[in-house]
Amino acid sequence: MQQDDSNRIQYLRQELQRHNYHYYVLDDPQVSDAEYDRLYRELQDLESQHPDSITPDSPTQRVGAAPLRVFNTVVHSLPMLSLDNSLNEGEIRAFDDRTRKALNTATIEYVCEPKFDGLAVELVYENGLLSVASTRGDGVTGEDVTQNIKTIRAVPLKLYNYDTSAGARLEVRGEVIMEKANLARLNETRALNNEPLFANPRNAAAGSLRQLDPTVTAARPLDIYFYGIGHAGNLSLASHFDILQYLKKTGLKINPLTEKCLGIEQVIAYHHRMQERRETLPYDIDGVVVKVNSLALQEKLGIRTRSPRWANAYKFPASQDMTQIIDIKAQVGRTGVLTPVAEMMPVNIGGVIVSRATLHNQDEIDRKDIRIGDWVIIQRAGDVIPEVVQVIHSKRTGAERKYQLPETCPVCGSLTVRPEGEAARRCVNMSCPAQIKERIIHFASKDAMDIEGMGEKLIHQLVDKNLLRNVADIYFLNREQLAGLERMAAKSAENIIKAIDNSRSRSLDRVLFGLGIRYVGEHVARILVKAFETIEKIAQTSPEDLQTVYEIGPQVAGSVAEFFANSENVQIINRLKEGGVNFSAGTAVKSADVLKGKTLVFTGALQRYSRSECERLVESLGGRAASSVSKNTDFVVVGEGPGSKADKARELGVKIITEDEFIALVQPKQ
Ligand code: IVH
């Protein structure tokens, strides 16, 4: 191999490793995804020309191991312990009392961190290289899942800044998790393929890690947080907090919500805060873990058989409970889809009273064999709608009744159909009041026409009073009609009329999205408007020609054509025009081009968006986000504390703009 290639390979590996570190550990990416991919592909190319140069720690070597036949077992050199629980404030106070007594001290410094709902693993690094990864197993022995762990992008194959004076062998511990949104997406696909769904992130993480074929694991969106060490050679650290900082420095991602808490009151306050934030976190947590910070004190306290005396899991109220299904009703959505909803005896789950849960569709009901009268376990995971996890078969009396979605619509009485190969049953009547309500709710919603004050309740009233029959009627409402409604003050009526008026000038892509055409989400709506500019052109284009546009597939094309072939829809559009709604392509589309061919560089800390959000935005608007300033740079966007890049820009006479100016530049004007 030529020296040049060899140097380049070394360089690319180092760069990719550095970018991984900034992206995963510091959450502050230094390059755009596109740039990262380019470096990655260049390395892949070079390695395929020089296969001998490939080392197991190369960033390209995450997947590729052959499937295993069985998992080997790994004996943990120090047992992986479990945690004692506290289920309420009294119990955590008792833990603090016990601990203070044992240490004979008035106040203890704790470290509090989220308790992740995932699977505990141990990773062993030898001379900085990942050598073995294993599951917790029974705490003493686990399974060797090295090949699978390597597929998790946040796991470094090689430690960063590793200082061998800390010892040749470093054992680190953490939790493999799956973010809620990723779990939901995975379950959607599994439902389509008639595969059993994962009931929670823990099962999803375990099911994904315990795959004999690493390519299956690689396709699962797993993530990891590190929270401790096992045996760690010569590391001389004084506290748990220092261990975490050490892990972070070494390239192992720790959780940013970790905090030192002095005394039990601060611990309780932290628990409250986390419980409030719980829903909005991207991953599930089921409590907080409270650990005595000082390692010397930890040692003094020691361990029981299976759990340390220096730590405690202060759980949140359970997010699962048992209840009985009283009835199942079908709810009709915007596109006429019938969703079966279970009505249940109310239960308090994690502080929220739950009396309804979605059953998704008929296949789900059949697969879980859910019947009216069944006792079931239900769960509320994060901000998703409560779900039935499973039926408690032992509680069946024989009086339970099976359920089938109705063949006629429960709202309008029209026929419902379930097309071959589809999971959903639909009401075919476009004028079904339930569908009308949902369509108008969607049209007025924030991401579509954003009509402030026009929420679900108001829309229900207006449809029931026959003041709205479709979305176009909104633009013919007057003050008197609104003021005549229940609990509607003159002032509110006035505000709604104003909000409706404001919405007349929304960009065409929002109008198109608001129409609720199947498969036309915000992104597709923008593509269509950009390609065709007017609604007439979109309506007149054949499905075949629609498909010539990049990203428009047969499904979207067919659905768009079907929508415009329906004369009722055409009438609604004409009436929207009469009502003064904007139908010209306008500025939103122009803004899609605003950065075409432009190169931007970001420097300093941005306030409104993260660095990677900005870069994605630039790319979505046709521009390029680069990491260094050159004479080809068009704009340098400076945040707080800009570095040498701003100096360089001044030197080269490149235009410098602030974050606000950048936002003004890219925001669609409406
Ligand atoms: S520390 C002795 N920290 O909880 C310390 N564990 O019941 C034991 N877990 O098996 C682990 N989040 O799977 C620790 N921040 C966290 C954790 C955490 C979740 C899990 C882990 C462990 C179980 C112990």
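Atoms within each ligand, like the ligands themselves, are counted from 1 in listed order.
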Give a yes/no verdict on whether any heavy atom in [X] is under 4.0 Å from an atom of ligand 1.
X: R173; answer: no
X: S82; answer: yes
X: P308; answer: yes
X: P114; answer: yes

If only atom types and distance count, is the side chain of T258 paired as donor or acceptor with the main-chain N or O of E113 below 3.5 Å?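 A pair under 3.5 Å: no.
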
Taking the six-membered ring for Trp and the single ring otherwise, decide whether the centroids of F316 and H271 are under 6.0 Å apart.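 Yes.
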
Looking only at the aromatic ring of each residue, does the gap between the centers of Y283 and Y225 stay below 6.0 angstrom?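 Yes, the ring of Y225 comes within the 6.0 Å limit of the ring of Y283, centre to centre.
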
Under 4.0 Å from a heavy atom of [X]: give me the atoms of ligand 1 that qualify, with their elements.
X: R136; result: 10 (O)
X: E113; result: 3 (N), 15 (N), 16 (C)
X: A120; result: 10 (O), 13 (O), 21 (C)

Taking non-hydrogen atoms only, is [X] closer than 4.0 angstrom to ligand 1 via side chain, backbone, both or neither?
X: E175; answer: side chain
X: V289; answer: side chain
X: K291; answer: side chain

Going by an N to O cut-off under 4.0 Å, is there a salt bridge joining [X] and [Y]?
X: D369; Y: R371; value: yes
X: R18; Y: E15; value: yes
X: K395; Y: E400; value: no
X: E122; Y: R136; value: no
X: E35; Y: R38; value: yes

May I ask you to identify the nearest protein heavy atom to [atom], giving residue, atom name and distance to one decimal place in Å?
atom: atom 6 (N) of ligand 1; result: Y227 CZ, 3.5 Å
atom: atom 8 (C) of ligand 1; result: L81 O, 3.8 Å
atom: atom 7 (O) of ligand 1; result: L83 N, 3.2 Å
atom: atom 23 (C) of ligand 1; result: K115 NZ, 4.1 Å

Heteroatom proximity flag, F116 to ligand 1, N/O under 3.5 Å: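 N/O-N/O distance under 3.5 Å: yes.
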
May I ask you to establish whether K253 and Y24 are in a cation-pi arrangement, using a distance under 6.0 Å from NZ or CZ to the six-membered ring centre and at most 45° from the ring axis?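 Relative to the ring axis of Y24, which defines the angle, K253 lies outside at least one limit.
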
May I ask you to check if R190 and F198 form a cation-pi contact, with NZ or CZ under 6.0 angstrom from the six-membered ring centre and within 45° of the axis?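 The answer is yes; both the distance and angle limits are met.
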
